[in-house]
Amino acid sequence: MSAPLHDRVTIVTGAAGGIGEGVAQALLDDGARVALWDLSKERTEQVARRLDPSGERVLALEADVTDQDAVDAAVAATTAHFGRLDGLVNNAGVIAMAPSWEEDAAHWRRHLEVNVTGTFVCSKAVGDVFRSSGGGAIVNVASNCGKAGYRNMAAYNASKSAVIGLTRSLAMEWADVGINVNAVCPGGVDTPMLSQVADWLSPRIDVPAEELLAGMGAEQLGGRRIMPIEIGRVIAFLLSNAAVIIRGQSISVDAGATPY
Ligand code: NAD
């Protein structure tokens, strides 16, 4: 039996980050070829070399997901390089912790621009290709923050709720042209973003960041943190044919922290 994603080509945005690399690894493990997109070409190339030193099954590209022209160019470069396109993982994201009393319009716009508009811009650019090729699959990386609001991240929470809404909308509309759209909602995953949250919180509650991070594990996993590859394996499944009956769902991948 061949690997579930054998030869399929999938784009992973934010691929130089923690979850992005884990997702790319899981997709490669399942036989896919992967276009790694991120803001910095150098960082993305480093990840590509780590994942596939031969370079045969990876392509590193610089692409800001908020820049329509850059996204269109990266889609064209990906299809030209691999000769086909089957999947997209909208993983690029930002968080800047702040009490809502201190958030201003620029802070809000940045979260919505990257996390929501970026997700739509990439989905639309790739969706246009899928529409003419007969279909494909998209997985958005939302967050359990989009289901359960947490303190000091109102703009982030709202942006991830919007991704959940967008996932549902596109899944219903794009099923007609063979495109399946789902999302995952991770809890705390061991990545630079989680460290950023701990670093912000640490001086405010006078607890060392390492101690905070140690406490950010999943209760139902005996307190250990969720690893990027574990998120990646769920995403790989959602991109496979086996997931064709799962549509428009935003699946919590937080070891039970969110009960829905
Ligand atoms: P990370 O900071 O390690 O990686 C995020 C990546 O996105 C970075 O490499 C960054 O350069 C890239 N990026 C940011 N803005 C971009 C843009 N405009 N265009 C292209 N790339 C851009 O964070 P992570 O933890 O790996 O987060 C990945 C995704 O998972 C994000 O959407 C995040 O919101 C989500 N998430 C993370 C956690 C967690 O605990 N780490 C939990 C839930 C959801």
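All ligand and atom numbering here is 1-based and tracks the order in the structure. FYI, side chains are in, hydrogens and waters are out, and symmetry mates aren't considered; it's all heavy atoms of this structure.
- For atom 28 (C) of ligand 1, the closest non-hydrogen atom of the protein is N91 OD1, 3.2 Å.
- Proximity of R43 to ligand 1 is established by a heavy-atom distance of less than 4.0 Å.
- Looking at R50 and E21, a side-chain N of the basic residue comes within less than 4.0 Å of a carboxylate O on the acidic one, giving a salt bridge.
- Residue contacts with ligand 1 include A142, since one of its heavy atoms falls under 4.0 Å from the ligand.
- Among the candidates I19, D38, V65, the single residue satisfying the side-chain contact (heavy atoms from CB on, under 4.5 Å) test with N91 is I19.
- The protein heavy-atom contact nearest to atom 4 (O) of ligand 1 is G17 CA, 3.4 Å.
- Heavy-atom separations between S40 and ligand 1 are all 4.0 Å or longer.
- By the 4.0 Å heavy-atom criterion, G118 is excluded from the residues contacting ligand 1.
- Shortest contact from atom 18 (N) of ligand 1 to any protein heavy atom: D64 OD1, 2.9 Å.
- Taking 4.0 Å as the cut-off, V141 counts as a neighbour of ligand 1 on heavy-atom distance.
- Nearest protein heavy-atom contact of atom 36 (N) of ligand 1 is Y156 OH, 3.5 Å.
- Applying the salt bridge (Lys or Arg N to Asp or Glu O under 4.0 Å) rule to R8 yields no partners; only residues at least two apart in sequence or on another chain are considered.
- Summary of contacts: the protein heavy atom closest to atom 10 (C) of ligand 1 is D38 OD1, 3.5 Å.
- Comparing G20, P186, C122, A92 against atom 22 (C) of ligand 1, the shortest heavy-atom distance belongs to A92.
- Looking at heavy atoms from C-beta onward, K160 lies in side-chain contact with N115 at the 4.5 angstrom threshold.
- V189 N, 3.5 Å is the protein heavy atom nearest to atom 39 (C) of ligand 1.
- Residue, atom and distance of the protein heavy atom nearest to atom 19 (N) of ligand 1 are V65 N, 3.0 Å.
- Note: no N/O pair closer than 3.5 Å links L194 and ligand 1 by distance alone.
- Within the structure, ligand 1 has K160 among the residues with a heavy atom less than 4.0 angstrom away.
- Once rounded to the nearest 0.5 Å, the distance linking CG of L36 with CZ of R43 reads 12.0 Å.
- No heavy atom of T13 sits closer than 4.0 Å to any atom of ligand 1.
- With hydrogens left out, the protein atom closest to atom 41 (N) of ligand 1 is T191 OG1, 3.0 Å, a heavy atom.
- For the pair G187 and ligand 1, a heavy-atom separation below 4.0 Å is found.
- Other residues, nucleotides and ligands contribute over 12 non-hydrogen atoms within 6.0 Å of the CZ atom of R224.
- Under a cutoff of 6.0 Å and an axis angle of 45°, R110 and W108 do not form a cation-pi pair.
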